[in-house]
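Notes to accompany the following structure.
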Amino acid sequence: MITAHSLTKRYGATPAVDNLTFEVPAGLVTGFLGPNGSGKSTTMRMIMGLDVPDSGSALIGGRVFRELPWPLREVGGLLDAKAFHPARTARNHLRWLALTNDIPMRRVDEVLDEVGLSSVANKRAGKFSLGMSQRLGIAAALLGDPAVLLFDEPVNGLDPEGIRWVRNFLRRLAAEGRTVFVSSHLISEMSLTADRLVVIGRGRLIAETSVADFVARSGRGAVKLVTPDRAGFASALAAAGATLEDGEAGSLTVEGLTAPQIGDIAARDGLRVYELTPVAVSLEDAFMELTQDEVEYRPSSMAGAVGAGVTE
Amino acid sequence: MTDTTQAFASAPAGHYRFKHVARSEALKVLTLRSTAITLVVTVAAALLVTGLVANANLHHGAGYYFGFDPTQTSLVGLIPAALTGGVFGALLITGEYASGTIRGTLAAAPRRTMLLVAKVAVTATAMAVFSEMLTFAAFFLGQAVLSGGGAPSASLGSPGALRAVLMTGAFIALLALMSFGFGLIFRSTAGAIASFVGIVFVLPLVMRGISEPDLRYVPTQILTNSVMSTVSLGPGGVVKPLSPTVGLLLMVLYAAVSLVVGATLFVKRDA
Ligand SMILES: Nc1ncnc2c1ncn2[C@@H]1O[C@H](COP(=O)(O)OP(=O)(O)OP(=O)(O)O)[C@@H](O)[C@H]1O
Ligand SMILES: [Mg+2]
């Protein structure tokens with residue numbers, strides 16, 4: 001289990017991570033979601049003791065990373081896919097890592113086998129493709145058979161097959177009871193991989209919730225309406241404070257009212273309804289909505305909506 | 001679903017220690033391509049220059065050999081080795097920063113002081129063993145050329161010869177450690193090597209025109225005039241070089257300052 005408490009890190013005046021508190025429980029894949037530059041990598045570096053927080057703490061099983069007796073046997077991290085010396089072979093890269101924590105050398109071949117790199121074990125890692133590099137990084141993270149695993153954007157740049165492989169791998173690790181914390185800026189990917197989400201924007205916590213809750217709690221749902229009486233609905237819905245947009249294939253998208261409310265209006269005004277369907281907000285929409293004021297490098301309205309977000 | 005009673009977290013008692021980290025660092029040095037390249041280039045350059053220098057000191061008139069120092073003559077060919085040794089020392093740490101390996105290293109061994117002591121111990125041992133072997137080889141080669149050509153030569157039993165050989169090897173290792181310190185400070189190969197070459201090879205050229213007496217404190221001058229020398233230069237206005245012991249201790253100090261500054265930054269800085 002990972003616990004971050006009031007984690008804060010500034011680079012210059014602007015905080016990269018701002019008073020961040022969350023938990024990553026064992027046995028689940030927890031997705032760490034946020035737009036580019038929102039502080040995901042910085043947070044992960046602080047958890048792994050690479051960066052020192054300005055204030056707050058990040059603990060692994062109640063301990064600070066630097067005080068772990070056998071770091072590699074307790075925490076496996078993939079923070080940067082290419083973090084190996086290009087001239088060393090994959091096997092030698094894993095061998096020096098294993099030595100630091102007195103990990104038996106047979107583990108080197110085991111993890112190489114596990115990630116499917118056995119046949120290129122004696123090739124220089126600098127020649128590896130991005131996918132192979134990611135696999136080597138995952139092998140390194142698994143070397144000490146750790147209970148806690150952190151992956152920073154593990155599917156970045158992978159092809160669909162590689163993405164699916166990583167996804168299944170993460171799910172399997174969590175099923176084994178491990179703590180799996182994986183960052184991404186792609187909500188669609190996280191919706192397939194993660195059980196829980198920690199969502200941040202500009203270094204601040206926006207939501208800590210299950211994937212299903214995340215969608216349910218985010219903003220208004222829309223309702224799809226198919227009707228021949230467009231003009232009638234336009235005025236009636238406008239009067240009720242809803243907005244009406246043209247959707248796909250002649251349908252209309254209503255926002256601001258629920259399907260029963262729209263049905264009642266139709267009955268009241270005698271308007272014909274051919275179809276009336278609540279549309280689940282897509283994860284992308286939910287994510288965009290929650291983070292729109294928190295995206296860096298974009299002028300944002302100073303809405304206070306985010307501060308009163310859906311944090312549990 | 002499998003039994004989740006922590007089949008994985010089966011770490012042995014105790015914690016990782018210096019010996020584990022030192023072994024790991026030793027394996028790193030041995031599995032670097034730059035190690036082999038540096039080794040070959042250094043040996044080839046050192047022995048070639050040694051042979052050439054010794055050869056150039058053959059067949060002169062008797063006057064030429066007044067105050068002639070066969071030991072020093074056989075060792076000056078190691079100056080290029082001091083340069084490659086310095087580059088190698090810097091690369092051992094800057095290579096980790098360039099490749100990002102340093103993060104993996106720190107994630108595996110986050111106690112930074114312990115890690116650094118292990119790195120320095122491995123670098124020092126590797127460089128000391130290598131440069132001592134090279135220095136002895138150069139000495140024997142140089143003496144063989146000198147005596148073969150009928151010029152005065154020395155043996156390890158000659159006054160000061162063994163001391164000069166041993167200290168020269170140690171001095172080159174210390175230069176590599178100083179450069180390692182620069183690597184820690186700058187974290188970039190270019191910065192570290194530029195400062196190493198600047199201090200060791202360019203500074204003496206600049207100082208020659210400014211302050212002759214202070215030249216004695218410059219590493220390369222200590223190396224050639226104090227450490228390698230077994231014949232004290234005659235009087236006659238020449239500034240007396242530092243004694244070999246003082247010179248070597250000064251080099252220890254230089255390396256220590258560079259390492260301590262580098263270590264202080266390394267322990268504090270974000271990786
Ligand atoms: N070493 C550093 N020095 C200065 N600023 C930094 C440093 N590291 C990160 N930052 C800044 O901190 C903020 C958060 O960066 P971080 O890399 O943690 O974001 P991220 O969520 O991982 O983004 P991405 O999705 O692009 O990987 C950014 O504004 C970034 O510019
Ligand atoms: Mg990142």
Side-chain angles (χ1 to χ4, degrees), chain A residues 9 11 26-27 42 45-46 48-52 61 64-77 79-89 91-93 95-103 124-126 137 140-148 150 172-173 175-178, chain B residues 1-37 91-115 118-119 122 267-271:
Chain A
K9 179 82 183 178
Y11 293 112
T42 305
R45 285 201 304 275
M46 287 193 283
M48 304 231 9
L50 296 169
D51 286 13
V52 181
V64 177
F65 189 90
R66 288 194 194 194
E67 283 159 19
L68 296 175
W70 300 100
L72 277 189
R73 293 165 180 265
E74 291 159 80
V75 183
L79 296 194
D80 173 4
K82 291 269 182 194
F84 44 72
H85 200 290
R88 261 189 214 104
T89 64
R91 177 174 279 125
N92 280 335
H93 175 65
R95 281 172 67 211
W96 75 254
L97 272 171
L99 282 176
T100 57
N101 278 235
D102 204 18
I103 294 165
R124 295 169 59 196
L142 295 175
L143 198 56
D145 202 11
V148 176
L150 284 86
R172 208 187 81 207
L173 292 170
E176 289 167 357
R178 297 175 214 259
Chain B
M1 216 118 303
T2 47
D3 176 24
T4 59
T5 49
Q6 309 256 314
F8 30 88
S10 59
H15 54 84
Y16 75 102
R17 293 184 175 282
F18 176 80
K19 65 177 179 188
H20 303 125
V21 183
R23 273 183 215 143
S24 162
E25 290 300 328
L27 183 70
K28 272 189 197 166
V29 172
L30 295 174
T31 54
L32 267 189
R33 173 173 278 217
S34 57
T35 306
I37 294 173
L91 275 177
L92 282 184
I93 185 72
T94 59
E96 289 219 14
Y97 279 103
S99 64
T101 315
I102 189 71
R103 289 194 175 155
T105 305
L106 285 170
R111 285 172 219 207
R112 297 194 179 188
T113 310
M114 184 211 273
L115 173 67
K119 268 189 181 299
V122 167
V267 170
K268 275 201 315 221
R269 271 197 298 220
D270 288 338

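By convention in this document, chain letters (A, B, ...) are assigned in the order of the sequence lines, proteins followed by strands, and residues within each chain are numbered from 1.
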Seminar exercise, completed: One should read off an interatomic distance between B:Thr101 OG1 and A:Asp80 CG, to the nearest 0.5 angstrom, of 9.5 Å
Exercise. Given the options B:Lys268, B:Arg111, B:His20, which has more heavy-atom pairs under 4.5 Å with chain A than any of the others?
Worked result: B:His20
Problem set entry | Among A:Arg172, A:Met48, A:Glu74, A:His85, residue most engaged with chain B (heavy-atom pairs, under 4.5 Å) | A:His85
For this session: Apply side chain to side chain contact (heavy atoms under 4.5 Å, CB included) to the pair B:Arg23 and A:Leu99, showing each step before the final yes or no.
Result: CA-CA 7 Å; B:Arg23 273 183 215 143; A:Leu99 282 176; 4.3 Å; yes
For this session: Determine yes or no for a side-chain-to-main-chain donor-acceptor pair under 3.5 angstrom, with A:Asn101 supplying the side chain and B:Ala108 the backbone.
Result: yes
Seminar exercise, completed: If one checks every heavy atom of A:Phe65 against chain B at 4.5 Å, the contacting part turns out to be both
Exercise. Which atoms of B:Arg112 come close to chain A, meaning under 4.5 Å heavy atom to heavy atom: side chain ones, backbone ones, both, or neither?
Worked result: side chain
Problem set entry | A:Leu79 side, atom CG; B:Leu106 side, atom CG - distance, nearest 0.5 Å | 11.0 Å
Exercise. Under the salt bridge (Lys or Arg N to Asp or Glu O under 4.0 Å) rule, what pairs show up with a residue in residues 91-106 of chain B, not counting sequence neighbours?
Worked result: B:Lys28-B:Glu96, B:Glu96-B:Lys119
Exercise. Non-hydrogen atoms of chain B under 4.5 Å away: do they reach the side chain of A:Arg124, the backbone, both or neither?
Worked result: side chain
Exercise. Where do B:Tyr16 and A:Leu68 land on the side chain to side chain contact (heavy atoms under 4.5 Å, CB included) test, with the steps shown first?
Worked result: CA-CA 9 Å; B:Tyr16 75 102; A:Leu68 296 175; over 6 Å; no
For this session: Determine the option with the most heavy-atom pairs under 4.5 angstrom with chain A, choosing from B:Ala109, B:Ala26, B:Gly95, B:Gly14.
Result: B:Gly14
Problem set entry | Audit row: B:Asp270, A:Lys9, salt bridge (charged side-chain N to carboxylate O under 4.0 Å, His left out) steps and yes/no | CA-CA 11 Å; B:Asp270 288 338; A:Lys9 179 82 183 178; 2.6 Å; yes
Problem set entry | Residue B:Ala13 versus chain A: region with a heavy atom under 4.5 Å | backbone
Exercise. Just wondering, are more than 12 heavy atoms of other shown residues or ligands nearer than 6.0 Å to CZ in B:Arg33?
Worked result: no
Problem set entry | Heavy-atom pair count under 4.5 Å with chain A, highest-scoring of B:Gly104, B:Gly100, B:Ser24 | B:Ser24
Exercise. Do B:Leu30 and A:Trp96 touch side chain to side chain, with heavy atoms closer than 4.5 Å?
Worked result: no
Seminar exercise, completed: One option among A:Arg45, A:Arg88, A:Met46, A:Glu67 has the most heavy-atom pairs under 4.5 Å with chain B, and it is A:Arg88
Seminar exercise, completed: CZ (A:Arg95) and OG1 (B:Thr31) are apart, to the nearest 0.5 Å, by 7.5 Å
